[in-house]
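Only heavy atoms go into these numbers, but all of them, side chains included; no hydrogens, no water, no symmetry mates. Just so it is clear, the structure is predicted and the values come from calculations on it, not from any experiment. Every number for a ligand or one of its atoms is a count from 1 in the order of the listing.
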Amino acid sequence: MERELLASIQDLSVTYHTRIGPVSAVDHISFDIYKGEILGLVGESGCGKSTLGKALLRMIDPPGEISSGHIIFDKEDVMQYDDDRMRDFRGRRASMIFQDPMTSLNPMQRVDDHLIEAIQVHEPKTSEKDALKRSSIMINRLGIGLNRLGSYPHQLSGGMRQRVMTGIGLVLNAELIIADEATTSLDVIVEAKLADQLREIRNEYGVSLLMITHNIALVAEMADRIAVMYAGHIVEIGDVYEVFEKPLHPYTQGLLGSVPSIQLNDRNELFKMPGEPPNLTHPPAGCRFHPRCQHAMPICSQLEPALIKQSSGQSVHCWLYQDHPDKNEKR
Ligand code: SF4
């Protein structure tokens with residue numbers, strides 16, 4: 001079935017200007033987000049996945065900046081929006097849920113105040129009565145009792161606060177929700193419940209979900225596609241079944257090999273990735289993974305590969321799958 005494009009991220013880079021030099025946290029990344037899909041974005045801490053999520057809403061604060069690229073959303077370049085259009089875009093068209101919603105919710109405002117304010121900021125002609133009605137429907141849909149509309153954030157559980165944040169995006173009919181480690185601080189039962197609700201919401205509202213997480217099992221369960229990040233690059237992206245069945249990039253293979261399996265007969269030892277992620281003030285030349293890669297070839301430390309679509313469906317950023325003179329030569 002032909003998928004409908006929601007957003008096309010083209011050549012996006014984010015640079016932090018630090019005292020020890022520029023840090024290229026997101027380096028010339030391109031990928032698409034389709035309407036109604038759940039895209040899981042995974043990778044080690046510090047690989048740039050949260051920075052990428054914030055960059056999509058242009059929420060990079062100094063000393064960081066979006067140093068190149070385009071964010072094409074419904075055929076318009078969000079990078080060209082002025083402050084007013086950007087404010088409208090954030091919330092009405094795309095919104096973000098963070099790991100700790102206490103940092104996003106106002107402790108002095110009740111749940112209904114948050115939702116009503118969100119609606120009226122973006123739709124000033126909506127009356128308070130109508131905004132409250134919509135808020136009540138959404139809160140009920142998210143499985144929070146209506147008696148909680150008058151609660152303050154500190155009176156809610158962590159899972160409820162996450163659902164309120166989700167509701168703020170959905171009540172405005174946002175088309176893209178970026179969930180940045182949204183389930184990380186929750187216990188496993190609440191996490192599973194929130195994950196189920198997010199999936200139901202996707203099915204019901206057709207919203208696209210970019211799920212940024214280090215929880216590979218959650219991505220396997222929930223996502224339609226997976227994007228794997230390493231040191232500021234997307235190194236592999238594709239259908240979640242294809243990537244889990246046959247990961248192509250050596251980093252993806254290592255990442256998946258390091259996740260415990262619950263299969264009873266599986267006595268294989270977990271893979272331990274050699275080395276450390278690179279310092280992004282001085283990233284390695286060529287492929288940034290080459291100092292840790294068991295398959296590295298001479299070209300890997302000289303030239304950066306491109307992210308190229310393979311016949312199996314996934315796109316991979318690795319010389320093993322691209323023609324070059326020393327393809328069969330070992331380092
Ligand atoms: Fe390994 Fe080379 Fe592929 Fe990088 S490009 S992952 S070093 S084989």
J.: Can you tell me if Asp32 and Ser8 form a side-chain donor-acceptor pair at under 3.5 Å?
T.: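 Their side chains do contain a donor-acceptor pair, which is all the 3.5 Å distance test asks for.
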J.: I need the protein N, O or S atoms closer than 2.8 Å to atom 2 (Fe) of ligand 1, given as residue plus atom name.
T.: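 Correct list: Cys300 SG.
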J.: Just by distance, no angles: are the side chains of Asp112 and Ser135 close enough, under 3.5 Å, to form a donor-acceptor pair?
T.: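 There is no such pair between these side chains.
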J.: Judged by modelled atom types alone, do Gln80 and His70 share a side-chain donor-acceptor pair under 3.5 Å?
T.: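 Result is no, nothing qualifies.
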J.: At under 4.0 Å between heavy atoms, is it the side chain or the backbone of His249 that contacts ligand 1, or both, or neither?
T.: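 The answer is the side chain of His249.
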J.: Side chains of Tyr251 and Glu236: do they bring a donor and an acceptor to under 3.5 Å?
T.: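 There is no such pair between these side chains.
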J.: Can you spot which of Leu176, Asp74, Val207, Leu5 makes a side-chain contact (heavy atoms from CB on, under 4.5 Å) with Lys35?
T.: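 Considering Leu176, Asp74, Val207, Leu5, a side-chain contact (heavy atoms from CB on, under 4.5 Å) with Lys35 is found only for Asp74.
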J.: So, Tyr230 and Arg292: side-chain donor and acceptor under 3.5 Å apart, yes or no?
T.: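 Their side chains do contain a donor-acceptor pair, which is all the 3.5 Å distance test asks for.
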